[in-house]
Visitor: 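Got a structure here, written out as structure tokens. Questions coming.
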Amino acid sequence: VLHPAEGIQGMNRAGDLLFAWSNHCKERLFCPQAALRGYAESARISAGLGDEGRLASVALNRGMVFQSLSRFEEALDSYTQAELVFRKLEDEGSLARIDVSRGVVFQSLSRFEEALQAYAQAEAVFRKLGNEGSLAGIALNRGTVFLSLSRFEEALEAFAGSAVVISHD
């Protein structure tokens, strides 16, 4: 419980702590319901403070939790919420992370062409930003899509491309 004298600073700290706790629940403890509750509270606080950046981060992370629960439409809705804000903030790296996450959802829904399109968008941004680790992951994801489409030569090329990126790290 926050003391009224702590005001905005205390609320901001509480929002940060809830966000960090929710990430821990999502990534380390795999307690998705607790993570979703924490993100909801962090979003409420962030909205009250007008913290759009954290609201977008909450939406992105909620999408990842929904994705892990195979609640794909909710994941896509969360990614769209995050995208609107990150686009306004001109945060290219976060937009590319959204594209990768969407690609994984599309892949799970057997919407393979949309997955490839999302991965291509993310790849262009990560290449521009020099994010080699993300490029390797995208290449692996593209390879698995190509396998699902029985496009074996392209799958091999994608897998080989990911090995090249990884070997340069």
Visitor: Taking all non-hydrogen atoms of both residues into account, name the closest pair between F126 and I138 and its distance.
Guide: CD1-CD1, 3.5 Å
Visitor: Provide the closest heavy-atom pair for G103 versus A115 in the form atom of the first, atom of the second, distance.
Guide: O-CB, 3.4 Å
Visitor: For residues V58 and Y39, report the shortest heavy-atom separation together with the two atoms involved.
Guide: CG1-O, 3.4 Å
Visitor: Which pair of non-hydrogen atoms, one from G63 and one from A75, has the smallest distance, and what is that distance?
Guide: O-CB, 3.4 Å
Visitor: What I'd like to find out is whether the side chain of L69 reaches to under 4.5 Å of the side chain of Q33, using heavy atoms alone.
Guide: yes
Visitor: Among all residues two or more places apart in sequence or in another chain, which pass the salt bridge (charged side-chain N to carboxylate O under 4.0 Å, His left out) test with E157?
Guide: none
Visitor: The criterion is salt bridge (charged side-chain N to carboxylate O under 4.0 Å, His left out); which residues satisfy it with E123, sequence neighbours excluded?
Guide: R127
Visitor: The criterion is salt bridge (charged side-chain N to carboxylate O under 4.0 Å, His left out); which residues satisfy it with R102, sequence neighbours excluded?
Guide: E83
Visitor: Any side-chain heavy atom of F66 sitting closer than 4.5 Å to one from D77?
Guide: no
Visitor: Hydrophobic clustering (ILVMFWY, side-chain heavy atoms < 4.5 Å, transitive) - are L55 and L60 grouped together?
Guide: no
Visitor: How many angstroms lie between CG in L76 and CZ in F106, if you round to the nearest 0.5 Å?
Guide: 5.0 Å
Visitor: State whether the side chain of S42 and the backbone N or O of G38 hold a donor-acceptor pair below 3.5 Å, judged by distance alone.
Guide: no
Visitor: Minimum heavy-atom separation for A122 to V100, with atom names?
Guide: CB-CG2, 3.5 Å
Visitor: Do you reckon V105 sits in the same ILVMFWY cluster as M64, going by side-chain contacts under 4.5 Å, direct or chained?
Guide: yes
Visitor: Quick check for you: to the nearest 0.5 Å, what is the distance between L156 atom CG and E154 atom CD?
Guide: 10.5 Å
Visitor: Could you name each residue pair satisfying salt bridge (charged side-chain N to carboxylate O under 4.0 Å, His left out) that touches residues 92-101, not counting sequence neighbours?
Guide: E92-K128
Visitor: Considering all heavy atoms of both residues, which atom of R54 and which atom of S46 are nearest to each other, and what is their separation?
Guide: NH1-OG, 2.9 Å
Visitor: Out of curiosity, E52 CD to F86 CZ, how far, rounded to the nearest 0.5 Å?
Guide: 11.0 Å
Visitor: How would you list all residue pairs meeting side chain to side chain donor-acceptor pair (under 3.5 Å) that involve residues 104-113, not counting sequence neighbours?
Guide: Q107-Y119, Q107-T144, R111-E114, E113-R151
Visitor: Residues sharing L129's hydrophobic cluster, by side-chain heavy-atom contacts under 4.5 Å among ILVMFWY, directly or via others?
Guide: V125
Visitor: Out of curiosity, Q121 CD to L95 CG, how far, rounded to the nearest 0.5 Å?
Guide: 10.0 Å
